[in-house]
Each structure stands twice: as C-alpha cells, then as structure tokens.
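All values derive from a computational prediction rather than experimental measurement.
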Amino acid sequence: MQTRTQTIYLRKHADSRSLPQIRIRHKGKKTNGRKRHIAVDSSGLLLAVVVTMAGIQDRDGAFRLLAALRAQFSTISLVWADGGYAGRLIDWSKRVVSLMVQVVKRTDDVKGFRVLPRRWVVERTFAWICKHRRCVRDYETRPDHHEAMVYIAMIATMSRRLARTA
C-alpha cells in the first residue's frame, strides 16, 4: 500500500482596512485590523483559514490553523510555512498534531526582490480571495464571519473555474 504525501503551505495576510472600533496594530506592517492565516494545497486551493486580530503573533495563529487542518485532513504530512511561523511551532506541530513544518526563509545576502520557493501559490490564493468585495473591505465585525466570507469567496472562485472547463 502506497501512502500519499500532501504538502500544505501556510501564510498570513494582514488586512489594513479595518473598522474604526478595531484599533489593534500589527507591529511589523504598521497596520490596523486582522490577519488571515490560510493553508492551501499545492495547487492553491483553500483547505483551512483562521482569522485573528493583528496583534496576535503569527505562530500563535498558526497553532489554531494547524489544529483545524489536522482535524479535517488526516493525510497531510508536510507543511511549508512562512518565516514568521518559526520557533516553538515546529516542535509543537511534531508533538501534538504530527505534522512536519518546514520554514521557507529568505536569505539576507540577496539584494532586491527574489521569489521564494512555493510562496507564490499562497500569494495567488490571497489574490483570488481579494477579488471579492466582502473580503477586501473589513465589513465583518466577528472573525468567524470573516472566515466564512473567505470560504464563500473561494467556493465562488472554484465553481466559476469548474463551469468554464465543463
């Protein structure tokens, strides 16, 4: 019996267009609002999303994301993550959810823009999500409502793609 390995990519996106009552700042990006942590497969299809306030550190949001990912998909074995997810998350993911997390970091000796391996897959998914009006502006006051809107945006995107190919 051959086991199939699935590779997942983790990345976060800080939303700077927030409601006036939400005033938590993301220190690195100097933005107010929320972060969307998403897990996508190798073709960019959304598997899981977690929305947190911008003041939460990246790896703390990833704990919830990896737990949700493991609960829904048992065959995933390898997760590639952004540099912000380094630290104790790697040990926790091995011990608790039995996932191997590899952090993709950029090198400091490279000058200018350089595409990191497989990061474009997640960035493309964020672009697909941001095509929908309710995901661009922060209309939702609750994080779980925003997560639902992200799922709805990806359902609409994928159903349009299926209709084109049929």
Student: Decide side-chain contact (heavy atoms from CB on, under 4.5 Å) for Asp58 and Asp82; before the verdict, give the C-alpha distance in whole Å, the side-chain angles of both, and the deciding distance to 0.1 Å.
Tutor: CA-CA 9 Å; Asp58 295 343; Asp82 189 12; 5.7 Å; no
Student: Is it the case that one hydrophobic cluster holds both Val122 and Val49, taking links as side-chain heavy atoms less than 4.5 Å apart, direct or via other members?
Tutor: yes
Student: Give a yes or no answer on whether the side chain of Arg95 reaches the backbone of Ile90 with a donor-acceptor pair at less than 3.5 Å.
Tutor: no
Student: Find out if a path of hydrophobic residues (ILVMFWY) with successive side-chain heavy-atom gaps under 4.5 Å connects Val51 to Ile155.
Tutor: no
Student: Any non-hydrogen side-chain atom of Met154 less than 4.5 Å from a side-chain atom of Ile129?
Tutor: yes
Student: Following the transitive rule for hydrophobic clusters with a side-chain heavy-atom cut-off under 4.5 Å over Ile, Leu, Val, Met, Phe, Trp and Tyr, establish whether Tyr151 and Ile38 coincide in one cluster.
Tutor: yes
Student: What's the spacing between Gln102 CD and Ser93 OG if we round to 0.5 Å?
Tutor: 10.5 Å
Student: Does Asp60 pair with Lys35 as a salt bridge, N-O distance under 4.0 Å?
Tutor: no
Student: What about Met158 and Met149, same hydrophobic cluster or not, with Ile/Leu/Val/Met/Phe/Trp/Tyr joined at side-chain heavy-atom distances under 4.5 Å?
Tutor: no
Student: Could you walk me through whether Leu66 and Trp92 pass side-chain contact (heavy atoms from CB on, under 4.5 Å), step by step?
Tutor: CA-CA 10 Å; Leu66 289 177; Trp92 178 86; 4.0 Å; yes
Student: Would Val136 end up clustered with Ile152 when hydrophobic side chains under 4.5 Å apart are linked, directly or stepwise?
Tutor: no
Student: Take Leu47 and Val40 through the test side-chain contact (heavy atoms from CB on, under 4.5 Å) and record every step on the way to the result.
Tutor: CA-CA 5 Å; Leu47 298 177; Val40 300; 5.7 Å; no
Student: Verify whether one side chain among Thr141 and His146 offers a donor that lies under 3.5 Å from an acceptor in the other.
Tutor: no
Student: Answer yes or no: are there more than 12 heavy-atom neighbours, outside Met100 itself, under 6.0 Å from its atom CE?
Tutor: no
Student: Do the side chains of Leu99 and Arg70 get nearer than 4.5 Å, heavy atoms only?
Tutor: yes
Student: Rounded to the nearest 0.5 Å, how far does CG of Leu65 lie from CZ of Arg59?
Tutor: 15.5 Å
Student: Between Phe63 and His37, is there a side-chain heavy-atom distance shorter than 4.5 Å?
Tutor: no
Student: Using the rule given for side-chain contact (heavy atoms from CB on, under 4.5 Å), can you reason through Val150 versus Cys135, listing the C-alpha separation, both sets of side-chain angles and the distance that settles it, and then say yes or no?
Tutor: CA-CA 7 Å; Val150 170; Cys135 295; 4.3 Å; yes
Student: With Glu147 as reference, evaluate Arg64, Arg134, Arg34 under the salt bridge (charged side-chain N to carboxylate O under 4.0 Å, His left out) test and give the passing residue.
Tutor: Arg64
Student: Is the shortest heavy-atom distance from the side chain of Arg36 to the side chain of Phe126 under 4.5 Å?
Tutor: yes
Student: Please determine if Arg161 forms a cation-pi arrangement with Trp128, meaning its NZ or CZ atom is less than 6.0 Å from the six-membered ring centre and no more than 45° off the ring axis.
Tutor: yes
Student: I need the minimum non-hydrogen distance between Val50 and Gly61, along with the two atoms involved.
Tutor: CG1-O, 4.3 Å
Student: Might you point out which heavy atoms bring Thr125 and Gly44 nearest each other, and give the distance in Å?
Tutor: OG1-O, 2.7 Å
